[in-house]
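Chain identifiers are assigned alphabetically (A, B, ...) following the order of the sequence lines, protein sequences preceding nucleic acid strands; residue numbering begins at 1 within each chain.
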Amino acid sequence: MTTENVRARFAPSPTGYLHVGGARSALFNYLFCRRHGGKFVLRIEDTDIDRNIEGAEKKIVEDLRWLGIECDEGPGVDGAYGPYFQSQRRETYDVACAKLLASGDAYYAFDTNEELDALRRQAEAAKTGFRYPRPNPLPTAADADKARAEGRPVVVRFKVPDEAITIHDEILGDVTFEAGQLDDFVIVKSNGWPTYHFAVVVDDAHMAISHVLRAQEHLMNTPKHVFIQRALGVATPKYAHLPLVFNIDGTKMSKRDKHKVVRQGVKDAIKQKKMTDADVMSLTGADEAAVERWLRKKADAELGMDQVVKLAAAADVTIPEIDVHDFRMSGYLPEALLNFIVLIGWSPGGDREKLTRDEMIELFSLDRINKTAGRFDREKLLAMNLDWCSAAPTERLVEAFKDWATLNDSHMAKLDDATLGRVLDSCRGFRTFPDVVAKAGVLFEPDEAVVYDEKAVAKVLAKNDGAGFATLESLLSPLESLESWTAESIEAFVKNTCEATGAKMGDVAQPIRVAVAGRPVSPAIGETLVFLGREKTLNRLRQCLELR
RNA sequence: GACGCCGUGGUGUAGCGGGAACACGCCGGUCUUUCAUGCCGGAGAACGCGGGUUCGAAUCCCGUCGGCGUCACCA
């Protein structure tokens, strides 16, 4: 492989957060560039003016950065091939289009959507595939002006050559498409903006893109792109189509899954009479018709994400993480997500699995990319996250935890680094950050916030005529007068108490734990009480004794 | 339907002509003051199916079936 002039790009459209599938594509392009000393370009494909979401590209850049993927050229990173927004490159497309029109490789067309639909229905009825009927003779510029004057939409279509084409794919090998499969597709829309097919080709050429690594769903687009390249007289980059990423059940992983899961959860709740349509209406503020459309007609657009979040909480379902940002919000380490993602469709060979970003760069190669689609196994991700967390130094954990806690408005975001480090270390073995809060969070809340779990109280405190309560009571004054309040001294105190009374560690530690945390789970008893401090410990012990 | 891609335990992968390996998950056990970790052990694929080439095939060839993808003035 020539390592000079390698230039690859990631080209998302700014319609929201970065999807994990997109992140995988970005990662592979990034790794490939780094491996070969090339340039990684980020280009925003915002030619569909109506669908663009304001500021979405900032979110995408932010998500990439969180993962540790930085571009060499792109929005905010100047390079010799900018601008990096397609919306700012209109002249380039206009010039290229004029060229194709002049050479006779493209022509005007004036069909309305209704006419096109009718044609498609006809084709369907006749059970023949729809192909746009190329007019003969081809309309002229004058015809186009006339049509425009009549108020008809004017588009430009590409005149697809009637020949077979073989594309060499770096992963798939040679892929041949028969002649006559493609019809004359639109390259410039009636609003004057290029379609995706045209814009990618023009930009890839202008930006000197040498390699295109993209998801396999684009494979069938490649002949279109190569035909345009030939008509334009520009070079064809090397293509590598990446295997798809599916949900664990084999369905396509898409943003719609969030709606899908919540919808099903709400339906189940309604069936079990835990919820009603009226609940859905009051929760979302949507009217009956809108609820009907969302719930029964699967019209996702009827409800916004914040409304879906409320419904999910009410129906007690967990919204699946789909976007990179979702995983960040769920308390994953970016290095773990990155490691997990890189292994969907690629492996360094052998038994090697855990990889840092630098190791990925060193080992990455196109010929080790798989052809088979992979599934996104959340259990494996969780296990991998646990691994990374266990191996991470405390400082890294503190940094990542603070990011997570801040984003989630957790009360633990306020803790100082030293305390946070101890808390995180005392919880080692956690899978994601919410586990840490579940285990130790209550120690940093007001005493009144402690919720006593009935089962735990019954089992640990009330059983045997309130033996646990009695233990607590007997501990009150020794704890109050304990000389030093450190994890070691507290542990020693508990041990000594056991030895003196012949009790087991659990007989002493568990009542304290339940009294102080409300549940039978918390960090080691010494650490638990240190986090709490002596005063709050005693306060909670007394508070708990009132349950008797 | 047309075209295209793919097919190793439940999942991700390794192996690419000569004992089917690793990780996750699952099951059982175990350490521990709780949970989670950790540790030990186990079940689970004759490599979609059929045929061929070969002394020998998951590995090469052909066929077949199945899964998936694409068929927009969305990208």
Side-chain angles (χ1 to χ4, degrees), chain A residues 11-15 45-48 50-51 86 109 111-113 116-117 120 124 127-131 153-157 169 171-172 175-178 180-183 185-197 199-200 215-223 241 243-244 246 248 250-252 340 343-354 370-384 386-387 389-390 427-431 435 438-439 456 460 491 494-495 498 503-510 512-514 517 519-526 528:
Chain A
S13 51
T15 51
E45 310 233 324
D46 53 354
T47 53
D48 188 356
D50 301 329
R51 285 206 198 185
Q86 291 188 327
D111 316 83
T112 63
N113 283 331
L116 252 14
D117 284 348
R120 285 200 184 91
E124 201 178 330
K127 293 201 169 147
T128 55
F130 171 77
R131 300 188 64 228
V154 176
V155 301
V156 178
R157 284 181 183 267
D169 186 276
I171 297 167
L172 268 13
V175 181
T176 300
F177 299 85
E178 294 170 21
Q181 288 306 123
L182 261 36
D183 69 348
F185 55 93
V186 173
I187 57 173
V188 174
K189 300 182 251 187
S190 58
N191 65 6
W193 286 94
T195 58
Y196 160 76
H197 301 297
V200 250
Q216 230 176 74
E217 62 198 13
H218 285 295
L219 184 60
M220 302 305 266
N221 292 331
T222 314
H241 286 93
L244 266 8
F246 292 121
I248 197 68
T251 57
K252 202 174 166 187
F340 176 73
L343 293 176
I344 307 178
W346 177 81
S347 110
D351 292 342
R352 199 150 176 204
E353 195 167 65
K354 189 171 179 181
N370 273 307
K371 298 175 178 181
T372 49
R375 294 183 191 217
F376 196 97
D377 185 349
R378 285 157 200 281
E379 291 296 335
K380 175 85 177 178
L381 204 213
L382 240 15
M384 206 163 240
L386 187 152
D387 258 9
C389 287
S390 301
C427 291
R428 292 248 181 200
F430 61 87
R431 307 217 288 183
D435 292 351
K439 192 167 181 175
V460 178
E491 293 282 351
V494 173
K495 272 199 188 83
C498 287
K504 282 185 278 185
M505 285 296 276
D507 297 335
V508 179
Q510 283 308 83
I512 300 177
R513 206 182 308 271
V514 172
R519 294 166 286 114
V521 177
S522 84
I525 200 67
T528 295

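In this structure, B:G1 forms a base pair with B:C71, meeting either the Watson-Crick or the G-U wobble geometry with both donor-acceptor distances under 3.5 Å. In a base pair of the Watson-Crick type (N1 to N3 plus N6-O4 or O6-N4) or a G-U wobble (N1-O2 and O6-N3), with each distance short of 3.5 Å, B:A45 is matched with no nucleotide. Base pairing of B:A36 is not made with any nucleotide, judged by Watson-Crick or G-U wobble geometry with both donor-acceptor distances under 3.5 Å. For B:A23, the paired nucleotide is B:U11, the pair qualifying as Watson-Crick or G-U wobble because both relevant distances are below 3.5 Å.
Closest to the side chain of A:Leu386, out of B:A75, B:U37, B:U33, is B:U37. Of the candidates B:C24, B:U33, B:C35, the closest approach to any side-chain atom of A:Ala509 belongs to B:U33. For A:Gln510, the side-chain atoms get nearest to B:U33 when compared with the rest of B:A21, B:C73, B:U33. Among the nucleotides B:A72, B:G69, B:A75, the one closest to the side chain of A:Glu217 is B:G69. Of the candidate nucleotides B:U11, B:C35, B:A75, B:U11 has the atom lying nearest to any side-chain atom of A:Ile248. Taking every side-chain heavy atom of A:Leu219 into account, B:C5 is the closest of B:G69, B:C5, B:C22. Which of B:C73, B:C6, B:C74 sits closest to the side chain of A:Leu172 comes down to B:C6. Residue A:Phe177 places its side chain closer to B:G4 than to any other of B:G4, B:G69, B:U33. In the set B:G12, B:A75, B:C5, B:G12 carries the atom at the smallest distance from any side-chain atom of A:Glu353. Closest to the side chain of A:Lys380, out of B:C3, B:C68, B:C24, is B:C24.
Using atom C1' as the reference point in both B:U11 and B:A45, the two lie 13 Å apart (nearest Å). One P atom belongs to B:G25, the other to B:U64, and the distance between them is 41 Å to the nearest Å. Comparing the C1' positions of B:A43 and B:C27 gives a spacing of 7 Å, expressed to the nearest Å. To the nearest whole angstrom, the two C1' atoms, one in B:U30 and one in B:A36, are 16 Å apart. Nucleotides B:A46 and B:A57 have their C1' atoms positioned 12 Å apart, rounded to a whole Å. When the C1' atom is compared between B:C60 and B:C68, the two are found 26 Å apart, to the nearest whole Å. Here the separation of B:C71 from B:A14, taken at their C1' atoms, is 36 Å to the nearest Å. A distance of about 15 Å separates the P atoms of B:U8 and B:A58, rounded to the whole Å.
Atom CD of A:Glu124 is surrounded by 12 or fewer heavy atoms from other residues, nucleotides or ligands within 6.0 Å.
In this structure, A:Phe340 atom CZ and B:C24 atom P are separated by 13 Å, rounded to whole Å.
No salt bridge links A:Asp377 with A:Lys380; every basic N to acidic carboxylate O contact stays at or beyond 4.0 Å. No salt bridge links A:Lys504 with A:Asp507; every basic N to acidic carboxylate O contact stays at or beyond 4.0 Å.
Along RNA chain B, the nucleotide closest to A:Leu343 and the one closest to A:Lys495 are compared, and the more 5′ of them pairs with A:Leu343. In this structure, A:Lys504 and A:Gly129 both approach RNA chain B, and ranking their closest nucleotides by distance from the 5' end singles out A:Gly129.
A:Asn221 comes within 4.0 angstrom of a base, heavy atoms only. Residue A:Asp111 is classed as a base contact, given a heavy-atom separation below 4.0 Å to a base.
For B:A23, the base adopts the anti conformation, since its glycosidic angle falls more than 90 degrees from zero.
Contact check, A:Asn370 against B:A14: a side-chain N or O comes under 4.0 Å of OP1 or OP2. Residue A:Lys189 places no side-chain N or O under 4.0 Å from the OP1 or OP2 atom of B:A72. Distances shown here put every side-chain N or O of A:Arg375 at or beyond 4.0 Å from the OP1 or OP2 atom of B:G10. The side chain of A:Lys371 contributes an N or O atom lying less than 4.0 Å from OP1 or OP2 of B:C6. Taking only side-chain nitrogens and oxygens, A:Thr372 never comes nearer than 4.0 Å to OP1 or OP2 of B:G7. Side-chain N/O atoms of A:Thr47 include one lying less than 4.0 angstrom from OP1 or OP2 on B:A75.
Interface remark: the A:Thr195 side chain does not form any donor-acceptor pair with the B:C73 base, using a distance-only criterion of under 3.5 Å. In the interface, the side chain of A:Arg431 is not paired with the base of B:U37 through any donor and acceptor atom under 3.5 Å apart.
Donor-acceptor pairing under 3.5 Å is recorded for the side chains of A:Arg513 and A:Ser522.
Here the straight-line distance linking atom CE of A:Met220 with atom CD of A:Gln181 works out to 7.5 Å at 0.5 Å rounding.
Looking only at side-chain heavy atoms (C-beta outward), A:Thr222 and A:Phe177 stay at 4.5 Å or farther from each other. A 4.5 Å side-chain heavy-atom check between A:Pro223 and A:Leu182 finds at least one atom pair inside the cut-off.
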